[in-house]
Amino acid sequence: MDLQFFNTLSRRIETFEPSEPSSKKVGLYCCGPTVYDFAHIGNFRTFLFVDMVRRFLEFKGFEVNHVMNITDVDDKIIHGFNASPEKTSLRDYTAPYEKAFFEDFDQLNCLRPTSIPRATDYIPQMLELIGKLMENGIAYQTPDGSIFFSIQRYIALGGKYGQLVKINFDEIRVGERIKSDEYEKENVADFVLWKARVPSDGELFWPSPWGEGRPGWHIECSAMSRHILGKSFDIHLGGEDLAFPHHEDEIAQSEGSTLCKEGGCKPTPFVRYWLHFSHLLVEGKKMSKSLGNFYTVRDLFQKGYSGREVRYLLLSAHYRESFNFTLEGLNGARTALARLDECLFKLRELAGTAEPPGKQSALVQSFDDALSDDFNLSAGWAALFDWVRQTNKQIAEEKLSPADAAGLLADWARVDSVLAVCPQKKEEEEVPTEITDLLEARQAARKAKDFARSDAIRDELKSKGWVIEDTPKGPRLKRI
RNA sequence: GGCGGGGUAGCCAAGUGGCUAAGGCGGAGCUCUGCAAAAGCUUUAUUCACCGGUUCGAAUCCGGUCCUCGCCUCCA
């Protein structure tokens, strides 16, 4: 089954075809973190979905050029930097947040993007793009020195504004929802490409043909994506809130630069498919610090939850539906994954060193079908858990040969190349001799039918963090 | 005010015209066990916010009502 998903551009589900079908190469861009604070679980819902999309494209045999930018200059960063006691360099200020972001990123088992450009490394490319827009007469300078994008002139030259969101300019309530801007732009919806230097910026500014200043927010993504992926690429993803104005403005800047000032040129389409991810609710409410339902990923790690548990939960629902994140749900994730682990453990035990037969089970097919249908992860998980139940049954009935088990494990590996919830590294820690001694003592007590003593030892082990399961093959220790 | 999502079991969540309304958590029952288990199996919505309508047939389509969330401002 071909991959199909909802394209915000057409507002309908489309079959995905890369621009170069023969090469199977896919260019993918996602707006990355703004490094001024630790990323919260809402941010990571998006990054997790991006990772899932990338992994599934690879599962489908595509070769993905995955670009994720780092926004390391914006209002919040500038304010934070100027308020910080040691103003060494902007990079020194953002580096710890960037580092923390990737620690979280790795914990959640996200694959590193192919390229991770930083905004401040692409100022020349941004200036070049702004220059092109100035040349086309689409951008203009205000008396304070800032450069704005003129939506009116962009449209006059043949550009399309409002590709992602239907905009009715007459209905935008000026002053009520849109703050009257400190800059003197010609039109309400015009947006800034270059912000002229102001005293509060301190020492943070870059030179430009139009005076000292710093880039507007939207221009970085246009400049970086164009530089790395080209004027036109396949998929752009991000949170739903970014559709307007950020993504819309990216389109305007990028396509505007491909117009010609005399008019009559057709714009080169910026992106062929847009994917937007819905937001998260936490305990039924919008996440906010004042409500006390605001979690960074590290908060959850500190509460003892693992990356794979967070990953499972955040990836358990459909990407276009808002998802209600709860701690109760996270506990549920733990139980569900433990059941999966149990099944895999038994399969590994059974498979030993046997070779898989090489034929694919129904699991991979139904998983593929589920995700191919607009990334229906819920259906994907359902397929997986159906498989777990069936597998458990077959194990219990001793119907599986080692080769069968190896085959099932191979199918699982295929599915997990997308889900990525397999325990990272080898989490199987060494069992301390103290614990194995206790286990042996308990076995001796059981053999002597001294059950009071054996149960006491079991309780002691539990208090030390180990639980015993008596299986037909003997006792098994599990870490709590 | 404009635009766009939702309302499915105790909770989370698929399904968008027709087999028994997925799956996960929780609960219940059972099995293995000396007893247990964070082990396994089974079970758990005559019903899909409400009211009308279309249809042989609707959770799914149409009209209305109520509730809820998001975007239009920095925002995943």
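A, B, ... follow the sequence lines: proteins, then strands. Residue 1 opens every chain.
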Could you identify the nucleotide paired to [N], looking across every strand shown and requiring Watson-Crick or G-U wobble geometry with both distances under 3.5 Å?
{"N": "C48(B)", "result": "none"}
{"N": "G10(B)", "result": "C25(B)"}
{"N": "A39(B)", "result": "U31(B)"}
{"N": "U16(B)", "result": "none"}

Legend entry - Contact nearer the 5' end of RNA chain B, comparing Y312(A) with G239(A):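 Counting from the 5' end, the first nearest nucleotide belongs to Y312(A).
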Whole-Å distance between [N] [atom2] and [X] [atom1]?
{"X": "F244(A)", "N": "C3(B)", "atom1": "CZ", "atom2": "P", "answer": "15 Å"}
{"X": "R11(A)", "N": "C71(B)", "atom1": "CZ", "atom2": "P", "answer": "17 Å"}
{"X": "K473(A)", "N": "U33(B)", "atom1": "NZ", "atom2": "P", "answer": "16 Å"}
{"X": "L439(A)", "N": "A36(B)", "atom1": "CG", "atom2": "P", "answer": "20 Å"}
{"X": "E398(A)", "N": "U31(B)", "atom1": "CD", "atom2": "P", "answer": "20 Å"}
{"X": "E397(A)", "N": "C32(B)", "atom1": "CD", "atom2": "P", "answer": "15 Å"}
{"X": "I151(A)", "N": "C72(B)", "atom1": "CD1", "atom2": "C1'", "answer": "13 Å"}
{"X": "H247(A)", "N": "G4(B)", "atom1": "NE2", "atom2": "P", "answer": "19 Å"}

How would you label the contact of [X] with the nucleic acid (heavy atoms, under 4.0 Å): base, sugar-phosphate, or nothing?
{"X": "F49(A)", "answer": "nothing"}
{"X": "T471(A)", "answer": "nothing"}
{"X": "F451(A)", "answer": "base"}
{"X": "G42(A)", "answer": "base"}
{"X": "K447(A)", "answer": "nothing"}
{"X": "I468(A)", "answer": "base"}
{"X": "K478(A)", "answer": "sugar-phosphate"}
{"X": "L280(A)", "answer": "base"}
{"X": "D386(A)", "answer": "sugar-phosphate"}
{"X": "R442(A)", "answer": "base"}

Measuring to OP1 and OP2 of [N], would you say a side-chain N or O of [X] lies under 4.0 angstrom away?
{"X": "R389(A)", "N": "G23(B)", "result": "yes"}
{"X": "K393(A)", "N": "U31(B)", "result": "no"}
{"X": "K449(A)", "N": "C35(B)", "result": "no"}

Out of [options], which nucleotide sits closest to the side chain of [X]?
{"X": "D455(A)", "options": "G34(B), A37(B), C41(B)", "result": "G34(B)"}
{"X": "R446(A)", "options": "G24(B), A76(B), U33(B)", "result": "U33(B)"}
{"X": "N43(A)", "options": "G24(B), A22(B), A76(B)", "result": "A76(B)"}
{"X": "K76(A)", "options": "A36(B), C74(B), C41(B)", "result": "C74(B)"}
{"X": "E469(A)", "options": "A76(B), C72(B), A37(B)", "result": "A37(B)"}

Legend entry - Any N/O donor-acceptor pair, D470(A) side-chain to C35(B) base, under 3.5 Å: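 A donor-acceptor contact between them is present.
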Legend entry - Worked verdict on T391(A) versus K346(A) for side chain to side chain donor-acceptor pair (under 3.5 Å): CA-CA 10 Å; T391(A) 302; K346(A) 285 180 198 155; over 6 Å; no
Legend entry - Aromatic F345(A) / basic R476(A) pairing, under 6.0 angstrom, 45° off normal: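 Relative to the ring axis of F345(A), which defines the angle, R476(A) lies inside both limits.
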Inset, instruction - Validate the cation-pi geometry between R414(A) and F367(A): distance from NZ or CZ to the six-membered ring centre under 6.0 Å, angle to the ring axis within 45°. - result: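 The answer is no, since R414(A) fails at least one limit relative to F367(A).
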Please report, to 0.1 Å, the donor-acceptor pairs under 3.5 Å made by any side chain of residues 240-250 of chain A, with sequence neighbours excluded.
| from | atom 1 | to | atom 2 | distance (Å) |
| --- | --- | --- | --- | --- |
| E240(A) | OE2 | H279(A) | N | 3.1 |
| D241(A) | OD1 | H279(A) | NE2 | 2.8 |
| H246(A) | ND1 | E250(A) | OE2 | 3.3 |
| H247(A) | ND1 | E250(A) | OE2 | 3.3 |
| E248(A) | OE1 | Q163(A) | N | 3.1 |
| E248(A) | OE1 | L164(A) | N | 2.8 |
| E248(A) | OE2 | G162(A) | N | 2.7 |
| E248(A) | OE2 | Q163(A) | N | 2.7 |
| D249(A) | OD1 | Y161(A) | OH | 2.5 |
| D249(A) | OD2 | H218(A) | NE2 | 3.1 |

Legend entry - Between F101(A) and F47(A), ring centroids under 6.0 Å: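 Between F101(A) and F47(A), the centre distance is under 6.0 Å.
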Any sub-3.5 Å donor-acceptor pair from [X]'s side-chain atoms to [Y]'s backbone N or O?
{"X": "D190(A)", "Y": "I151(A)", "value": "yes"}
{"X": "D72(A)", "Y": "R118(A)", "value": "no"}
{"X": "E309(A)", "Y": "R334(A)", "value": "no"}
{"X": "W206(A)", "Y": "T120(A)", "value": "no"}

Any N/O pairs under 3.5 Å between the protein and nucleotides 11-17 of chain B? List them or say none.
| from | atom 1 | to | atom 2 | distance (Å) |
| --- | --- | --- | --- | --- |
| A13(B) | OP1 | N324(A) | N | 3.3 |
| A13(B) | O2' | S378(A) | OG | 3.3 |
| A14(B) | OP1 | H318(A) | N | 2.9 |
| A14(B) | O5' | S378(A) | OG | 3.4 |
| A14(B) | O3' | N376(A) | ND2 | 3.3 |
| G15(B) | OP1 | N376(A) | ND2 | 3.4 |

Inset, instruction - Take N69(A) and T71(A) through the side chain to side chain donor-acceptor pair (under 3.5 Å) test and state the conclusion after the steps. - result: CA-CA 6 Å; N69(A) 72 297; T71(A) 299; 3.2 Å; yes
Legend entry - Salt bridge present between R458(A) and D455(A) (N-O < 4.0 angstrom):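 A salt bridge links R458(A) with D455(A).
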Inset, instruction - Give me the residues of residues 332-345 of chain A where at least one heavy atom lies under 4.0 Å from an atom of RNA chain B, by number, or none. - result: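 Close to the strand are G332(A), T335(A), A336(A), R339(A), E342(A).
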Inset, instruction - Start with the C-alpha gap between Q390(A) and D386(A), add the side-chain angles, then the distance that decides, and say whether side chain to side chain donor-acceptor pair (under 3.5 Å) holds. - result: CA-CA 6 Å; Q390(A) 283 170 25; D386(A) 281 340; 5.9 Å; no
